[in-house]
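Below is one structure, written out as structure tokens; comments come after it.
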Protein chains: 2
Amino acid sequence: MESETVVRALGALAQEHRLALFRLLVQAGPDGLAAGAIAEALGVPASSLSFHLAQLTNAGLIAQRRDGRSLIYTADYGAMTALLGFLMENCCGGAVCAPAAPCDTKDKNERTAA
Amino acid sequence: MESETVVRALGALAQEHRLALFRLLVQAGPDGLAAGAIAEALGVPASSLSFHLAQLTNAGLIAQRRDGRSLIYTADYGAMTALLGFLMENCCGGAVCAPAAPCDTKDKNERTAA
DNA sequence: TCCATGATTCGATAATCATCGAAATATGGA
DNA sequence: TCCATATTTCGATGATTATCGAATCATGGA
């Protein structure tokens, strides 16, 4: 993962509404949520929300698909995994830093960096 | 970790110079680096660097100590661990997301959130 | 005490970001 | 075709961020 990509992803998450939005999409899972539902959940005007959705999309953290009149947004787990991988490997001075919790993982395939 | 803290930490890292700076401090380890050395390494004017150091300090990601005329900066691993912990637990939809690498950890004590 | 060095703060400026109503675009149904 | 719904784009505005030279502050040594 290039550091410019990392900066963009971090920047996308470094905003109250967008962090909440991303968490919401993570909770929603693969089904995702329509823009309108998100706007209501977050209490943000549609045009403002659209701006934030664009930021996250641009950073590659979420994806968009259309379902009828609605645009459904979903979290991109792979992008998040890559981001976490970068942070762990480059910003943690080795293995010392990683929280111990999720070591019952079942995926070794998403890995990116060396 | 409160989400406001998370936003501030992410914002602090979401900048080219600051991300490079933080990585540099992580590499430097507990000895840290003097502001002047950092400025030279990054090729950034002293006053600009000072601004970025303040951002990272304010976000709690780095710490400062004085050694004679020099101010030595060090990465705060605990803060980074807490940040990663938050992201893993809130932005990853469970254990599915975590990269598999650092599971040979030796520390279970840094953990913060539940 | 005086000076040199290491670093921060101040101040001005340019750039980017966030907000949100109004207008425009896309889709589906009558 | 015409209308209603879902959402984005446009445009204007205020706020925050990044940059960097000059001035200031802190420390140590002569």
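Letters go in sequence order (proteins before strands), and every chain restarts at 1.
When the C1' atom of D:dT8 is taken as reference, atom CZ of A:Arg65 falls 19 Å away, rounded to whole Å. When rounded to the nearest whole Å, the span between CG of B:Asp67 and C1' of C:dG6 equals 12 Å. Across the protein-nucleic acid pair, A:His17 atom NE2 and C:dT19 atom C1' stand 9 Å apart, rounded to whole Å. Atom CG in B:Leu21 sits about 16 Å away from atom C1' in D:dT19, given to the nearest Å. Rounding to whole angstrom units, CD of residue A:Glu16 and C1' of C:dT19 are separated by 13 Å. Rounded to an integer number of Å, the gap from CG of A:Leu42 to P of C:dC20 is 13 Å. When rounded to the nearest whole Å, the span between CD1 of B:Ile72 and C1' of C:dT5 equals 14 Å. Atom CG of A:Leu56 and atom P of D:dT7 are 16 Å apart (whole Å).
Map A:Leu53 and A:Arg69 each onto its nearest nucleotide of DNA chain D; the residue landing nearer the 5' end is A:Arg69. Nearer the 5' end of DNA chain C, as judged by each residue's closest nucleotide, is the contact made by A:Arg18, out of A:Gly68 and A:Arg18. The nearest heavy atom of DNA chain C to A:Gln55 and to A:Arg66 marks one nucleotide each, and the one closer to the 5' end goes with A:Gln55.
Within 4.0 Å (heavy atoms only), B:Ala34 reaches sugar-phosphate atoms of the nucleic acid but no base atom. B:Ala46 comes within 4.0 angstrom of a nucleotide base, judged by non-hydrogen atoms across all strands. Heavy atoms of A:Ala54 sit nowhere under 4.0 angstrom from any nucleic acid atom.
Each of A:Ile38, A:Leu61, A:Val26, A:Leu13 was scored for a side-chain contact (heavy atoms from CB on, under 4.5 Å) with A:Leu21, with one residue passing: A:Ile38. For the side-chain contact (heavy atoms from CB on, under 4.5 Å) test with A:Leu25, the passing option among A:Thr74, A:Leu33, A:Asp31 is A:Leu33; the others fail.
Side chain of B:Ser47, nearest nucleotide from C:dA18, C:dT8, D:dG21: D:dG21. Which of D:dT19, C:dT19, C:dA7 sits closest to the side chain of A:Phe51 comes down to C:dT19. Looking at the side chain of A:Ala35, the nearest of the listed nucleotides D:dT8, C:dT9, C:dA18 is D:dT8. Of the candidates D:dG21, C:dA18, C:dT8, the closest approach to any side-chain atom of A:Gln15 belongs to C:dA18.
For the pair A:Leu56 and A:Tyr73, the minimum side-chain heavy-atom distance is 4.5 Å or more.
OP1 and OP2 of D:dA6 both lie 4.0 Å or more from every side-chain N or O belonging to A:Tyr73. Within the structure, a side-chain polar atom (N or O) of A:His52 is placed less than 4.0 Å from OP1 or OP2 of C:dT19. Note on B:Ser70: a side-chain N or O is less than 4.0 Å away from OP1 or OP2 of C:dA7. For the OP1/OP2 pair of C:dC20 and a distance below 4.0 Å, the side-chain nitrogens and oxygens of A:Ser48 include at least one atom meeting the criterion. OP1 or OP2 of D:dT8 has at least one side-chain nitrogen or oxygen of A:Ser50 nearer than 4.0 Å.
Taken from CD1 in B:Ile72 to CZ in B:Arg65, the straight-line distance is 5.5 Å, to the nearest 0.5 Å. From A:Leu10, atom CG reaches atom OG1 of A:Thr5 across 10.5 Å, with rounding to the nearest 0.5 Å.
Counting heavy atoms of neighbouring residues, nucleotides and ligands inside a 6.0 Å radius, atom CD of B:Glu40 does not exceed 12 of them.
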